[in-house]
Every structure is written in C-alpha cells, then in structure tokens.
Amino acid sequence: MSSTPEPVPSPQKLFRLWDAGSISREDFHRLMAVHARELIAEMEQAKKNPLMAWMHQLFNRREAARWSGGHGEALVREILFALADEESFPPSRWLWNATHPHVPLHVFFRVREMPRFRFLKLRATSQAVTVEIEHGGSDTAPPVREEFYLRRYRNMRLMVERRDMLG
C-alpha cells in the first residue's frame, strides 16, 4: 500500500466499469497497471529490509488470527469485501479480492506500517456487524478512526449501511 495512492478507481470498480463497457480494454489495463506498480513497489521495499517485512508480517498474521479466531475467517473476509464497495473509503482499493480464499487473510491488515489498516473493535450478530477501524496515516498525519455499520440484506450479502468518524 503506497502512502500516496494515485487517484484511480479500485480494481473492483475497474472490473465493473469494463464489464459494463464504460471503459476500453486499454484503459482497463492502464489503470490496473497503477495497482500492479503499487504492489511491486511494496515487494521491492520488503526485499530491501527483509527483517522489518518479516516483523510486519508477524504482526499482521496475529491481527488476522485474532479477528478470524473470534468471529470466523468467512465473516472477516465478508466485512473486508463490503468495505471494498465503499468508494470514498481509501483502503477499499486494497480489499477488492478479500473473498478469494487463496489470498491469505493477513495481507489485508497493516498493524504497524503506514498507511495503517486494522480493526479495533468488532461486534457481530447474524444480521448486522459494527466494526471500528483505524486506517491511513503517514509520518506527519495520524491514522483515521471510523465506525462502520453493516447490515445483511435479502441477498445475504453484507453492505455498509452507514459510517461515522470517531474522535
């Protein structure tokens, strides 16, 4: 996750635009390349400092295990995927493939590195979820805290009903 993301739609939105015929194949490839370059930059950074990357991975694995152990991996992935639909939510660009079981759950969390992304609180019932999230931040700006209210609709899919900024 680059700390200064280029203003391109999330991969999830790009797929929808392409499927709807709203963008050309060339535009789709050009915009997806932005996301690919961000991933490559992260991999290069991890290769430069493998010890730090390993430590971050341990923290992220622990975070994923904490929430999936308490609420189930399927629910955590479903929450992440619902958040990916929020266009005005900056981390949505990295959550688009959260429902893919072959992608390890810990890759979606960033506990210590910036920009941050982690759950602070999670309350779930069969039809609703409330999750408090800390995200973003940089060397000069603190992370943002938000609370999301998600509801399970008739199609059994969780969707963000509302969100509130926290202090």
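Both backbone and side-chain heavy atoms feed into the values below; hydrogens, waters and symmetry mates do not.
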Kindly indicate, with the supporting measurements, whether the criterion side-chain contact (heavy atoms from CB on, under 4.5 Å) is fulfilled by Val160 and Leu83. CA-CA 7 Å; Val160 175; Leu83 293 172; 4.2 Å; yes
Between Leu80 and Trp67, is there a side-chain heavy-atom distance shorter than 4.5 Å? no
With a 4.0 Å cut-off, would you call Arg118 and Glu134 a salt bridge? yes
Is it the case that atom CD in Gln127 sees more than 12 heavy atoms from other parts of the structure closer than 6.0 Å? yes
What I'd like to find out is whether the side chain of Arg145 reaches to under 4.5 Å of the side chain of Ile133, using heavy atoms alone. no
Does Val111 belong to the same Ile/Leu/Val/Met/Phe/Trp/Tyr cluster as Val144, with side-chain heavy atoms less than 4.5 Å apart forming each link? no
Are Arg163 and Glu147 close enough for a salt bridge, meaning some N to O gap below 4.0 Å? no
Begin from the C-alpha positions of Leu31 and Leu17 and carry the test side-chain contact (heavy atoms from CB on, under 4.5 Å) through to its verdict. CA-CA 11 Å; Leu31 294 168; Leu17 291 170; over 6 Å; no
Main-chain N/O of Phe59 paired to His106 side chain as donor or acceptor, under 3.5 Å: no
Would Glu146 and His135 count as a side chain to side chain donor-acceptor pair (under 3.5 Å) here? Give the steps. CA-CA 8 Å; Glu146 289 188 76; His135 66 87; 2.7 Å; yes
pair Val129-Arg123: side-chain heavy atoms closer than 4.5 Å: no
Please check if the number of heavy atoms outside Asn155 that lie under 6.0 Å from its CG is greater than 12. yes
Side-chain heavy atoms under 4.5 angstrom apart, residues restricted to Ile, Leu, Val, Met, Phe, Trp, Tyr: same cluster for Leu120 and Phe109? no
Distance col, row Arg77:CZ vs Ser68:OG, nearest 0.5 angstrom, shows 9.0 Å
Worked check of side-chain contact (heavy atoms from CB on, under 4.5 Å) between Asp85 and Met159: CA-CA 8 Å; Asp85 271 341; Met159 297 178 74; 5.5 Å; no
Could you check whether any side-chain heavy atom of Leu14 comes within less than 4.5 Å of a side-chain heavy atom of Met32, counting everything from C-beta outward? yes
Could you report the tightest heavy-atom contact between Arg152 and Leu75, atom names first, then the distance? NH2-CD1, 4.1 Å
Could you check whether Asp164 pairs with Arg162 (Lys NZ or Arg NE/NH1/NH2 to Asp/Glu carboxylate O, under 4.0 Å)? yes
So if you build clusters from Ile, Leu, Val, Met, Phe, Trp, Tyr with side-chain heavy-atom gaps below 4.5 Å, do Leu158 and Val76 land together? yes
Taking atom CD of Glu161 as the centre, report whether more than 12 heavy atoms of other residues, nucleotides or ligands fall under 6.0 Å from it. yes
Taking the side chain as every heavy atom from C-beta outward, state whether Lys121 and Val131 have any pair of such atoms under 4.5 Å apart. no
For the atom pair OG (Ser24) and NE2 (His29), what is the distance rounded to the nearest 0.5 Å? 9.0 Å
Parallel, tilted or perpendicular, judged at 30° and 60°: which one describes the rings of Phe89 and Phe148? perpendicular
Shortest non-hydrogen separation from Ala84 to Ser92 and the atoms involved: O-CB, 3.4 Å
Which atom pair, heavy atoms only, marks the closest approach of Arg116 to Arg110? CG-O, 3.1 Å
Take Arg93 and Val8 through the side-chain contact (heavy atoms from CB on, under 4.5 Å) test and state the conclusion after the steps. CA-CA 9 Å; Arg93 61 189 290 128; Val8 297; 3.6 Å; yes
Quick test of your reading of the model: are Asp27 and Arg30 salt-bridged, counting only N-O distances below 4.0 Å? yes
What's the shortest heavy-atom distance between Pro143 and Gly136, and which atoms? CB-O, 3.7 Å
Between Phe15 and Trp96, what is the ring plane arrangement, given parallel below 30°, perpendicular above 60°, and tilted in between? tilted
Does some side-chain heavy atom of Thr130 sit less than 4.5 Å from a side-chain heavy atom of Leu150? no
Note: Lys48-Glu44 ion pair, threshold 4.0 Å (strictly below): no
Look only at the side chain of Asn97 and the backbone of His100, and say whether a donor-acceptor pair between them is shorter than 3.5 Å. no
Between Asn60 and Gln57, is there a side-chain heavy-atom distance shorter than 4.5 Å? no
Should Phe119 and Arg66 count as side-chain neighbours, where that means a heavy-atom distance under 4.5 Å? no
